[in-house]
Every structure is written in C-alpha cells, then in structure tokens.
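As the structure is a prediction and not an experimental result, all values here were calculated from the model.
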Amino acid sequence: MNIKLIISFTAFIILSSCKGSDNTVETPESEAKATFEILLMGNSHSSYNNLPGMLTTLIQTGTNESVSSVNAPGFKFLDERLTDGVSEQLLKSRKWTHVVLQAQKYSTSGLYNYSTEPSKEWIRKAKQQAAIPIMFPEWPRKGNFEEGVRIHALHESIVAAEPACLAPIGLAWDQVILSNPTLILHNPDGNHSNRNGALLTAYVLYEVISKNKASELPHIDSLGVERSIQEILKNAASEVIELNPPCSYYQ
C-alpha cells in the first residue's frame, strides 16, 4: 500500500475515534437564564468525565454566581457542525455568555493541513450572538511531546485571523506532565482525559471565563480528585495562563 494512503487512513481512524452518538444531549429550554451561560461545542473531548459539570462547579464555587454549562448535541468536528442543522439553532436559542469551541481538525502526523475556516466562522457566529468565543485546543496524546505545542500554535493562527479567546489547555497539560510525570491525566486509551485531566482542563476554562485565578479556588470534595492533585492542577493552570494571556486577541 502507498505510504501516503497509510498515513491518511491512520489519521482518519484517529479523527473518527472522537465521534459518537448524535443524540447525547437535549436542547435546553430557551428561557433558562444564569449569570454564566456556557455552550461547549465539540466532540467527546468536551464531555468526558463530565467536563461541563466540573466547570459549573468551579465557577459556582469561585464566583458564587448562577451557572449553566451545556454540551451541544453529538460528538462532532466544528466543520460538521456548520451543516448539521442543530448546532447553529442551539447557538441562536439562548443568550449564551461564552461559547467554547473544540474539535478543529488537525493532522496527527503534522504532514497535512485542514481548513480553519469553519472555526473562524463559528467565532463570528458566537460574536453575532454577543457571546465571548473561546477556542479549546486539545491536549497531546499520551507520550507525544510535540503535539500540544503544535495544536496550540494552530489555534493561535485561528485567533490571530479571527479574534477570540484562546484557552492554553494543551500547554497546561504539557506543564503537568513534565513537572509531575507520575500524575496520570489520560484515559487508558491515551487520547481522552481521565478525571485528573478533565479537571485540569476545567481549571483552565474556569480562569478564562471567570477571570479569577484557578490557584485561589478552595479544595472541592465533590470533584472526586485528591486535595494534593487539585493543588497541582489548579496551580499549573494559573501559571500557564499567566504566561499565555488567553484573551489578548479578543478585546
């Protein structure tokens, strides 16, 4: 078999592994109102280990405000959501304060380029609804020591062209993995997050959305993560965000 076909097929398999049911979440009632109305659009990386629920808990604890965090139905890439007939309807159904955009396609080998125009279009659509758009670059796969930086750079190019906030999630994962090599962030599949990884991701999104330091959050028993691990994760989130201001492109 031609080597280019092998690489393309492998990339297709990895991309496809993030898909799932298209009926996992019901459309929320349009009249629901909270101080923080957060819509997450993406694939399984946005939902594993109840990431929206963790984010809600952190924001409620850190701000003492009402919060609603909702996953858009299905596990889809952002280009697929442009034509699915559901995602845009959900975006327009409610006055979201923040829209978190995950699942920009990228080449796992780094040899190919996927269009970033769908991500830019979703950023524009979020702004049209008066919501703050936040790009969610994925963390690296287990054992991959260059992917996190490469994915972050790809998203930097997106927000440079179409201003949005950029959550340095992959960079935070890199920091924790390098400084605490025995602390496991990945699910056994080496691709998705385990509970620790989901919480680290939630800490980054919490600080981006609330503008309060994750490092100042108290220990929260209901998160199901040990106190010492919570300390490591929230401190890493704040340190990385301080070095990589997330909303410098979006004012």
Side-chain angles (χ1 to χ4, degrees), residues 35-42 45-46 51-52 54-56 58-63 65 67 69 78 96-104 106 116 119-140 145-180 185 193 197-218 230-251:
T35 303
F36 293 92
E37 293 274 2
I38 304 165
L39 173 62
L40 293 94
M41 282 193 178
H45 287 75
S46 291
L51 175 61
M54 283 187 170
L55 180 58
T56 294
L58 295 181
I59 296 176
Q60 287 175 335
T61 302
T63 69
E65 298 284 355
V67 186
S69 298
L78 291 176
W96 306 101
T97 59
H98 300 80
V99 177
V100 180
L101 300 167
Q102 179 263 324
Q104 159 67 43
Y106 67 92
T116 57
S119 293
K120 296 171 189 174
E121 181 62 18
W122 278 118
I123 291 172
R124 289 190 286 268
K125 288 180 182 296
K127 291 177 184 176
Q128 288 167 3
Q129 299 302 120
I132 296 174
I134 302 171
M135 291 305 299
F136 174 157
E138 295 168 18
W139 49 81
F145 299 106
E146 59 82 29
E147 194 170 55
V149 173
R150 177 161 55 84
I151 297 171
H152 187 83
L154 171 64
H155 286 73
E156 279 186 318
S157 72
I158 294 171
V159 302
E162 190 62 55
C165 293
L166 176 57
I169 291 167
L171 302 185
W173 275 60
D174 280 346
Q175 173 154 319
V176 171
I177 291 169
L178 289 172
S179 60
N180 298 272
L185 301 179
S193 64
L199 181 55
L200 174 57
T201 302
Y203 278 134
V204 174
L205 291 174
Y206 161 79
E207 187 160 331
V208 174
I209 291 170
S210 72
K211 300 181 181 178
N212 295 335
K213 285 190 172 296
S215 58
E216 296 177 356
L217 282 165
Q230 287 190 33
E231 287 294 318
I232 291 169
L233 300 180
K234 66 187 180 182
N235 287 334
S238 290
E239 289 169 10
V240 170
I241 285 176
E242 185 173 359
L243 295 173
N244 300 272
C247 297
S248 57
Y249 289 103
Y250 182 79
Q251 301 296 336

J.: Who pairs with Glu239 by side-chain contact (heavy atoms from CB on, under 4.5 Å), at least two apart in sequence or on another chain?
T.: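 For Glu239 the side-chain contact (heavy atoms from CB on, under 4.5 Å) partners, ignoring immediate neighbours, are Gln175, Asn235.
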J.: Nearest 0.5 angstrom please: Ile158 CD1 to Leu166 CG, how far?
T.: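 Rounded to the nearest 0.5 Å, the CD1-CG separation comes to 8.5 Å.
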J.: Any side-chain heavy atom of Pro140 within less than 4.5 Å of one from Ile151?
T.: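 Not touching, per the 4.5 Å side-chain cut-off.
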J.: When rounded to the nearest 0.5 angstrom, what is the spacing between CG in Asn212 and CG in Leu58?
T.: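 Output value for this atom pair is 11.5 Å.
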J.: So His152 and Pro168, do their side chains get closer than 4.5 Å, heavy atoms only?
T.: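 In contact.
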J.: Distance check, rounded to the nearest 0.5 Å: Ile59 atom CD1 versus His98 atom NE2?
T.: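 Result: 7.5 Å between the selected atoms.
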J.: Find the distance between CG (Leu40) and CH2 (Trp96) and round it off to the nearest 0.5 Å.
T.: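 Rounded to the nearest 0.5 Å, the CG-CH2 separation comes out at 9.0 Å.
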J.: Let me confirm one number: the NZ-CD distance from Lys125 to Glu121, rounded to the nearest 0.5 Å.
T.: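 Interatomic distance, Lys125 NZ to Glu121 CD, rounded to 0.5 Å: 4.5 Å.
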J.: I'd like to check the salt bridge (Lys or Arg N to Asp or Glu O under 4.0 Å) partners of Lys120; sequence neighbours left out, ordered by chain and number.
T.: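 Lys120: salt bridge (Lys or Arg N to Asp or Glu O under 4.0 Å) contacts with Glu117.
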J.: Please name all residues satisfying side-chain hydrogen bond (donor to acceptor under 3.5 Å, both in side chains) with Ser193, sequence neighbours left out, ordered by chain then number.
T.: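 Scan of Ser193 (side-chain hydrogen bond (donor to acceptor under 3.5 Å, both in side chains), adjacent residues dropped) gives none.
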J.: Who passes side-chain hydrogen bond (donor to acceptor under 3.5 Å, both in side chains) against Ser215, sequence neighbours left out?
T.: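 side-chain hydrogen bond (donor to acceptor under 3.5 Å, both in side chains) check on Ser215 returns Ser238.
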J.: Salt bridge (Lys or Arg N to Asp or Glu O under 4.0 Å) with Glu156: which residues, sequence neighbours excluded?
T.: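 By the salt bridge (Lys or Arg N to Asp or Glu O under 4.0 Å) rule, Glu156 matches no residue at all.
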J.: Can you find a pair of side-chain heavy atoms, one from Met135 and one from Ile123, that are under 4.5 Å apart?
T.: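 In contact.
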J.: So which atom in Leu78 and which in Gln104 form the shortest heavy-atom distance, rounded to 0.1 Å?
T.: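 Heavy-atom minimum between the residues: CD1-N, 4.0 Å.
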J.: Any salt bridge (Lys or Arg N to Asp or Glu O under 4.0 Å) pairs touching residues 157-174, not counting sequence neighbours?
T.: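 Non-adjacent pairs meeting salt bridge (Lys or Arg N to Asp or Glu O under 4.0 Å): Arg124-Glu162, Lys127-Glu162.
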J.: Taking atom CZ of Phe136 and atom CG of Leu205, what is their separation to the nearest 0.5 Å?
T.: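 It comes to 6.0 Å.
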J.: Kindly indicate whether the side chain of Ile132, heavy atoms from C-beta on, has any atom under 4.5 Å from the side chain of Cys165.
T.: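 Result yes, sub-4.5 Å side-chain heavy-atom pair found.
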J.: Check salt bridge (Lys or Arg N to Asp or Glu O under 4.0 Å) between Lys211 and all other residues, then give those that pass, not counting sequence neighbours.
T.: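 Partners of Lys211 by the salt bridge (Lys or Arg N to Asp or Glu O under 4.0 Å) criterion come out as none, since no residue qualifies.
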J.: Within the structure provided, determine whether Ser119 and Leu101 are in side-chain contact (heavy-atom separation under 4.5 Å).
T.: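 Ser119 does not reach Leu101 side chain to side chain.
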J.: Please report the closest heavy-atom contact between Gly42 and Ala103, naming both atoms and the distance.
T.: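 Scanning both residues completely, I find the closest heavy atoms to be CA-CB, 4.0 Å.
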J.: With Glu216, which residues qualify under side-chain contact (heavy atoms from CB on, under 4.5 Å), at least two apart?
T.: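 Residues passing side-chain contact (heavy atoms from CB on, under 4.5 Å) with Glu216: Lys213.
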J.: With sequence neighbours excluded, what pairs up with Gln60 under the side-chain hydrogen bond (donor to acceptor under 3.5 Å, both in side chains) test?
T.: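 Here no residue qualifies.
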J.: Please name all residues satisfying side-chain contact (heavy atoms from CB on, under 4.5 Å) with Thr35, sequence neighbours left out, ordered by chain then number.
T.: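 Result, side-chain contact (heavy atoms from CB on, under 4.5 Å) vs Thr35: Glu65, Ser66.
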J.: Got a sec, which residues hit side-chain contact (heavy atoms from CB on, under 4.5 Å) with Ala237, two or more places apart in sequence or on another chain?
T.: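 For Ala237, the residues satisfying side-chain contact (heavy atoms from CB on, under 4.5 Å) (neighbours in sequence not counted) are Leu200, Tyr203, Val204, Ala214.
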J.: Does some side-chain heavy atom of Leu171 sit less than 4.5 Å from a side-chain heavy atom of Val149?
T.: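 In short, these two side chains touch, coming nearer than 4.5 Å.
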J.: Restricting to ring-ring contact (aromatic ring centres under 6.0 Å, His included), what partner residues turn up for Trp173, sequence neighbours left out?
T.: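 With neighbours one apart ignored, the set is Trp139, His186.
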J.: Answer yes or no: is there a side-chain heavy-atom contact under 4.5 Å between Val99 and Trp122?
T.: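 No, every pair of side-chain atoms sits at 4.5 Å or beyond.
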